[in-house]
Visitor: 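Pasting a structure here, questions to come.
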Amino acid sequence: MTDTAPDTGPDPLLSVRDLSKNFGDFEALRKITLDVHHNEVLCLIGPSGSGKSTLLRCLNFLEPYDSGEVRLEGELIGWREGGAVPRRALAANALRRQRQGIGMVFQQFNLWPHMTALGNVTEALMQVKGLSRAKAAEKARAALQKVGLGDKAYNFPANLSGGQQQRVAIARAVAMEPRLMLFDEPTSALDPELVGEVLSAMKEMAAEGMTMVVVTHEMGFAAHVADRVAFLDGGRLVTVTRPAEIFGETPKDPRIQRFLQTYRERNVV
């Protein structure tokens, strides 16, 4: 039985119902059901291999899910409506339109090395949104400013730290003005001293009301920034609840206890 914190609003921005995903005989996700509400930060935590990143990729159909459904403001993501068997995926242009409403930041920065920070953000706006170069550059500068990189607009990725590169990737996603932001362990590829600057940028976004789903091993971020925390284990959703129910006292579920104990023993803060 999944423990669930009270809903934060009547109509969820994102609705996931009975989502399952298999890789051959391996059951990666089993009947995941959860909602994410407007302006909410939901952190996904759990041991490695529990299905967190797979779930995140299913939310924007980078990984087609086998059964169940994902809806963004009521619109079915990835599959055509109608309940046909077998299901038929959306046409590529329709899927691209849906993905414009969902920004995603990966573990790797995926920046174009031959473009400046400004160029990386501007190019995405021109190619995806169809903006003029002047309008795209204006929005790109604003996005870089938002993540604290207004003075690095003309730096190439090779001249930026890992934390700065990840913040450029965040700016690129934010500039698209998505309704939902997905983060897949955005600090895992960074040296420890660079983690804070990326988390700080994400905290600012959360404070401004950005709806976010974050796969993270940063328990401090989950404890202090998330509105709710979802714990996955073995492809199953164990609980979705307030951070205090997981971090503020001894969790009831022994799987969560073991996970947090292992985390503490590794001295990850």
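Starting from 1, each residue takes its place in the sequence as its number. None of the values given here were measured: they were computed from a predicted structure.
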Visitor: For Gln127, check side chain to side chain contact (heavy atoms under 4.5 Å, CB included) against everything at least two apart and list the hits.
Guide: Glu123

Visitor: Dump the intermediate steps for side chain to side chain contact (heavy atoms under 4.5 Å, CB included) on Asn60 and Leu182, then the final yes or no.
Guide: CA-CA 9 Å; Asn60 66 356; Leu182 308 177; 4.2 Å; yes

Visitor: Would you find more than 12 non-hydrogen atoms of other residues, nucleotides or ligands less than 6.0 Å from Arg17 atom CZ?
Guide: yes

Visitor: Test Glu73 against Arg71 for salt bridge (Lys or Arg N to Asp or Glu O under 4.0 Å), laying out the working first.
Guide: CA-CA 6 Å; Glu73 293 189 320; Arg71 292 184 180 271; over 6 Å; no

Visitor: Do Val214 and Phe259 belong to the same hydrophobic cluster, where Ile, Leu, Val, Met, Phe, Trp and Tyr are linked whenever their side-chain heavy atoms lie under 4.5 Å apart, directly or via other members?
Guide: no

Visitor: Drop me the distance from Leu19's CG to Asp66's CG, to the nearest 0.5 angstrom.
Guide: 8.5 Å

Visitor: Do the side-chain N and O atoms of Ser53 and Asp184 include a donor-acceptor pair separated by under 3.5 angstrom?
Guide: yes

Visitor: Tell me, please, which residues at least two apart from Arg97 pass side chain to side chain donor-acceptor pair (under 3.5 Å).
Guide: Glu75

Visitor: List for me each residue that meets ring pair (Phe, Tyr, Trp, His ring centres under 6.0 Å) alongside Phe247, sequence neighbours excluded, and say none if there are none.
Guide: none

Visitor: Looking only at atom types and distance, does a side-chain atom of Glu40 sit under 3.5 Å from a main-chain N or O of His37, one as donor and one as acceptor?
Guide: yes

Visitor: For Phe23, give me all partners under side chain to side chain contact (heavy atoms under 4.5 Å, CB included), at least two apart in sequence or on another chain.
Guide: Lys21, Phe26, Ala28, Thr54, Glu63

Visitor: Closest heavy-atom contact between Leu260 and Ile246?
Guide: CD1-O, 3.5 Å

Visitor: If you count every heavy atom of other residues, nucleotides or ligands that lies below 6.0 Å from Lys129 atom NZ, does the total exceed 12?
Guide: yes

Visitor: Going by the rule side chain to side chain contact (heavy atoms under 4.5 Å, CB included), which residues pair with Asn39 if we only count those two or more places apart in sequence or in a different chain?
Guide: none

Visitor: Which residues pass the side chain to side chain contact (heavy atoms under 4.5 Å, CB included) test with Arg30, not counting sequence neighbours?
Guide: Glu27, Arg236

